[in-house]
Visitor: 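Dumping the structure here so I can ask a few things about it.
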Amino acid sequence: MKRNRRILESQFRAGRSNIHRVLLVDSGFDFDYFTHLREGSGGKQYRFCYEYGYTFREEDKIEILR
């Protein structure tokens, strides 16, 4: 989970809030590990690795938020 957090943090600090799924996977991100789930407006599900969260968008895009 710590590795996932570091990867999300580095992508978020680089100014990327939307990223292609392949870039995360190539960085070693594992979608099976997260700390908690939250449901947003419209029923959208956000997965969090500590304070960094992400959700799946269209066309294999991932939205990262803090």
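Given the structure is predicted, the values throughout are model-derived calculations rather than measurements. Just so you know, these numbers use all the heavy atoms, side chains as well, and skip hydrogens, waters and symmetry mates.
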Visitor: Taking all atoms of both residues into account, what is the closest heavy-atom pair of T35 and M1, and its distance?
Guide: CG2-SD, 3.6 Å
Visitor: To the nearest 0.5 angstrom, please state how far the CZ atom of F12 sits from the OG atom of S17.
Guide: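 If we round to the nearest 0.5 Å, F12:CZ and S17:OG are 7.0 Å apart.
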Visitor: So, do I64 and R16 sit near enough that their side-chain heavy atoms are less than 4.5 Å apart?
Guide: no
Visitor: Once you measure the plane-to-plane angle for F56 and Y54, does it fall in the parallel (<30°), tilted (30-60°) or perpendicular (>60°) bin?
Guide: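 Geometry flag for Y54 against F56: perpendicular rings.
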Visitor: Compute both the distance and the angle, then confirm whether R5 meets the cation-pi test with F34: under 6.0 Å from the six-membered ring centre, within 45 degrees of the axis.
Guide: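 Here R5 fails the 6.0 Å and 45° test against F34.
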Visitor: Below 4.5 Å, heavy atoms only, C-beta onward: do I62 and F31 meet side chain to side chain?
Guide: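 Counting from C-beta outward, I62 and F31 do come under 4.5 Å.
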Visitor: Are L65 and Y52 side-chain neighbours, meaning at least one heavy-atom pair lies under 4.5 Å?
Guide: no
Visitor: Once rounded to the nearest 0.5 Å, what's the spacing between atom CG of N4 and atom OG of S27?
Guide: 10.5 Å
Visitor: Restricting to non-hydrogen atoms, name the atom on H20 and the atom on E59 that form the minimum distance, rounded to 0.1 Å.
Guide: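 Result for this residue pair: NE2-O, 4.0 Å.
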Visitor: Quick one: are R6 and Q11 in side-chain contact, heavy atoms under 4.5 Å?
Guide: no
Visitor: When you look at CD of E58, are more than 12 heavy atoms from neighbouring residues, nucleotides or ligands closer to it than 6.0 Å?
Guide: yes
Visitor: Is R38 positioned over the aromatic face of F48, cation under 6.0 angstrom from the ring centre and no more than 45 degrees off axis?
Guide: yes
Visitor: Roughly how far, to the nearest 0.5 Å, is CD of E51 from CZ of R66?
Guide: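 If I round to the nearest 0.5 Å, the distance is 5.0 Å.
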Visitor: If we only count heavy atoms from C-beta on, is the E39 to Q45 side-chain gap below 4.5 Å?
Guide: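 No - every pair of side-chain heavy atoms lies 4.5 Å or more apart.
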Visitor: Check each of L23, L24, V25 against I7 using the side-chain contact (heavy atoms from CB on, under 4.5 Å) test, and report the only one that passes.
Guide: L24
Visitor: With heavy-atom distances below 4.5 Å as the criterion, would you say the side chains of T55 and R47 are in contact?
Guide: no
Visitor: On a heavy-atom basis, which atom in L8 and which in F29 lie closest, and how many Å separate them?
Guide: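 Shortest heavy-atom contact: CG-CE1, 3.6 Å.
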